[in-house]
Amino acid sequence: MNLGQAKSILIIAFLGLNLFLGYQLFWPDFGRLTDVAVTAEELSGLEKMLDENNYVLETSIDRGVKKSEFLKVSANREVKEGIIKNLIGQVAEVDYTDEIIHYRASDLSILEHQSGLIQVDFNEGVCLGENTEDLDKSEMQAKVEEFLAENELKFEGLRFDSVEKENEDQETFLFNQELDGKPIFSGHFRVKLDGGTVNSVAIYWLKPVERIPEREMEVIPATDALHNLVNNLGPGVEKRKINKVELGYYTEEYEAEKWEIPPVWRITLDEKEHYYINAFTGNLEQEPVILEELPANGES
Amino acid sequence: MTETFKSLLLLLLVTLSLVLTYQLWYGEKPAELTADDVYERVVVETPRPMEKLITPEQIIIENDNNSYLFRKNQDTYSNLWAELSGLLQDLEQDDIFTEWSIPDDGVSNLVRFYFDPALPIGEDMPWLPYTTSLEVEEIKLYSVETVDDNAGEENHEDEEENENAVIENNNQVDENDEVDEDGKAAEEDEKEVPAEEKEWFLVLKKSENNSARSLAINGENIEGIVHVLNQVTDDNNEVSFTKVGSDFLEEKIGREIEVRSSIYVPNDIISMDTLEVIPENLDRERLLKTFFVDYNLVRTIEEGDGSFIYTDGGKGLRISETGIEYSDPRKEEGNSTLNYREALRNCGRLISYHGGWPDNLRLEELVFSSRGGYSYYDSEWLMYHEGYPVHVEKPTRALFNDLGLVNYTRSLFFTRKTPINNDDGEGKQAFDDEEKHNIADWDKALIKAITIYDAGYPVRRPRLNLDAMELGYVITGTPDSFKALPVWLIQLDGEKIYLSAENLEQVAEEDIF
């Protein structure tokens with residue numbers, strides 16, 4: 001190999017490297033060249049803080065500046081009609097209580113909660129096939145998705161999220177809702193399986209009413225969200241793993257007409273606990289904070 | 001030539017890769033992209049000065065064995081309080097002959113001012129700022145006719161002599177009452193003597209430890225109050241009241257009752273109107289800005305009943321057609337180190353800031369409380385219509401500590417008599433008399449309340465505590481047609497019972513807005 005050939009190879013290699021670096025910096029928007037939310041010092045400071053508090057970061061942090069806006073949603077009550085039609089048909093025995101409507105058929109029952117949460121319980125369960133215990137996670141996921149598609153429950157925007165294993169046989173496949181590439185963590189399907197048999201499906205589906213672009217703001221960096229979470233939770237007794245830090249939307253289930261939901265950083269700990277940090281305020285999201293009753297006067 | 005070009009290109013690519021790597025790793029936001037927090041200026045009501053924060057709970061004028069009761073939103077009440085407040089603010093040390101303690105009993109009172117919350121006097125306060133601090137719960141004004149021009153001065157030289165003069169004079173008035181059956185002679189005698197020729201005394205009392213401070217006041221300073229008092233005693237239409245005590249009630253009702261506050265009941269028939277009601281018009285945008293520093297971070301929840309909840313994930317504000325509810329749970333874990341006077345100023349600031357303090361709204365309560373190891377101040381306000389409190393389901397109330405406002409509810413209704421459209425020709429507003437009702441007797445109301453109270457317990461209690469018995473209004477109806485219904489409010493052992501003042505039917509708490 002002569003010097004000319006070596007130069008050519010190096011030119012190609014550096015061209016490739018520069019393309020890669022350019023892609024990292026400029027895509028998807030060109031503002032990223034100068035608009036980095038997390039510096040190297042901040043990242044190493046975060047890792048040090050996590051280590052001191054017995055946490056370990058096992059995922060990468062998105063260091064770019066992100067913008068987001070509130071999303072106005074309502075409970076999607078229209079999906080209920082489709083679910084009843086597909087799973088029960090026309091005839092159903094119906095019981096009403098104050099907060100729940102109970103639809104009964106011979107092989108299943110459907111509970112409709114006032115908040116819009118729908119729970120389908122299969123009396124005998126629905127078997128997803130033979131020898132499912134031999135299937136790995138992705139194969140099992142495909143089986144569950146197939147089951148949802150067969151029952152016309154595979155809604156547009158349904159996105160696989162995770163599997164929660166309760167014991168050797170029982171596991172829950174969790175799907176959530178996606179809008180324009182961003183997950184809405186509260187819109188979900190929880191498919192409960194026991195030894196390859198679907199026992200129940202809980203569905204809480206949201207209807208995006210509108211985006212509010214005039215309130216688009218820069219969100220806090222993921223490092224700040226992690227700082228706030230550790231401040232809220234305190235030091236871990238045992239080493240805790242931070243598996244995933246993801247930006248999306250989150251809301252509690254409200255019995256309301258419609259409501260705005262904020263962008264959140266969802267932080268997954270030890271592959272089972274999810275915490276939602278408001279990506280505008282940095283607060284740990286919790287129930288709305290209106291008290292039903294104030295303490296009696298002079299209560300001690 | 002080709003090799004040179006390759007070398008230059010390679011050099012360029014290496015340099016570019018170094019620059020891009022540096023940018024990717026150490027890239028900082030340029031200063032112009034770092035936006036400062038922008039706090040919007042919010043125009044709110046100016047907090048009331050201290051002299052407007054506290055007003056009397058009730059004012060009792062005593063004349064010729066009759067008592068007259070006045071409360072918030074009555075002209076006599078406003079005039080008397082304005083005169084007394086002005087007097088306590090304007091009095092110089094030289095205007096007071098002396099200051100000493102005298103016995104509480106055996107003196108003839110002209111007017112009593114009851115304060116709940118207490119009136120703070122002394123240092124840094126507008127009232128009697130040169131005296132030592134005291135939280136006053138009752139102020140009594142009484143007079144003594146001077147025997148001669150020098151009697152007053154002589155009296156002030158000797159405390160005991162003065163006390164004797166008071167008691168002697170009081171006895172003299174009583175004798176006059178007995179001699180003249182209709183009592184007018186004594187009244188006329190009072191009026192004949194000009195104010196400046198009497199000795200005037202103010203007794204400022206704190207009931208908790210029964211400590212009192214007595215001030216002898218120059219007659220010239222008291223003329224304004226005397227003028228208002230004469231207007232009341234000259235008015236024959238004014239309904240008189242009687243103060244009820246435990247023995248009196250036991251005799252009247254036949255039940256052992258401990259009276260826990262100063263309760264006055266009417267001697268004559270009183271008429272009250274069912275009133276039209278308009279809920280307070282809340283400026284939603286402004287309220288939001290007062291509760292949330294950066295309201296861009298606040299999200300909205302629209303409820304089915306037309307209410308809105310605003311929250312930033314930490315604190316929440318609910319605005320409905322009839323009021324607001326606010327809560328900041330993170331501040332619950334705090335304590336209050338404020339003293340009573342600072343707390344008074346603070347609660348005034350809070351209500352002015354969060355919606356304002358309308359004229360007919362009175363601060364009813366300011367107490368220091370504790371719960372679960374944390375402490376806070378609890379303040380409560382009520383609207384008044386011509387002397388009667390207007391009760392609502394959730395009164396206007398603020399809980400606060402050193403961290404700030406913890407809870408706040410606000411539900412205000414503006415009341416007015418039902419007007420008749422036809423013009424009386426004189427340009428005066430006429431009112432619908434069909435909305436006027438004679439109220440039921442107080443003793444029947446009390447018996448009914450005791451019956452309701454007893455029904456709630458398996459065993460009849462031998463002795464009851466009567467905490468309150470007063471006339472007022474409650475807001476009932478629907479959002480389309482609110483009305484203020486006249487009621488008797490009777491509080492037994494802490495339990496509030498509302499009875500329609502017209503027919504003594506119980507008004508259930510769930511029917512009150």
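In what follows, chains are A, B, ... by sequence order, proteins preceding strands, each numbered from 1. This one's a predicted model, so the numbers in the text were calculated from it and none came from an experiment.
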Check: D312(B) side chain, T281(A) main-chain N or O, donor-acceptor pair, under 3.5 Å = no
Can you name the residues that form a salt bridge (charged side-chain N to carboxylate O under 4.0 Å, His left out) with E258(B), not counting sequence neighbours?
-> R463(B)
Turns out that what part of N278(A) lies under 4.5 Å from chain B's heavy atoms comes down to side chain
When L21(A), L15(A), N18(A) are each screened for side-chain contact (heavy atoms from CB on, under 4.5 Å) with L16(B), the one that passes is N18(A)
Measure the CD1-CG distance between I12(A) and L10(B) for me, rounded to the nearest 0.5 Å.
-> 11.0 Å
Taking all heavy atoms of V298(B) and all of E260(A), pick out the closest pair and write down the distance.
-> O-OE1, 3.9 Å
Which region of F70(A), side chain (C-beta onward) or backbone (N, CA, C, O), has a non-hydrogen atom less than 4.5 Å from a non-hydrogen atom of chain B, or is it both or neither?
-> side chain
M217(A) and N296(B): which non-hydrogen atoms are nearest, and at how many Å?
-> CE-O, 3.4 Å
Quick one: are T300(B) and W259(A) in side-chain contact, heavy atoms under 4.5 Å?
-> no
Which bit of L17(A) is near chain B, if near means a heavy-atom gap under 4.5 Å: side chain, backbone, both or neither?
-> side chain
Does E69(A) pair with R299(B) as a salt bridge, N-O distance under 4.0 Å?
-> no
Is the CZ atom of R260(B) crowded by more than 12 outside heavy atoms at less than 6.0 Å?
-> no
If every non-hydrogen atom of R330(B) is compared with every non-hydrogen atom of N283(A), which pair is closest and at what distance?
-> NH1-OD1, 3.1 Å
Where the side chain of K258(A) meets the backbone of I301(B), is there a donor-acceptor pair that is under 3.5 Å apart?
-> no
List in chain and number order the residues that pass ring pair (Phe, Tyr, Trp, His ring centres under 6.0 Å) with F308(B), two or more places apart in sequence or in another chain; answer none if no residue qualifies.
-> none
Per-residue contact mode, S7(B) against chain A (heavy atom under 4.5 angstrom) = both
S375(B), part contacting chain A, at a heavy-atom distance under 4.5 Å = neither
Work out which heavy atom in E302(B) is nearest to a heavy atom in K72(A); give both atom names and the distance.
-> OE2-NZ, 3.2 Å
Is the shortest heavy-atom distance from the side chain of E3(B) to the side chain of K7(A) under 4.5 Å?
-> yes
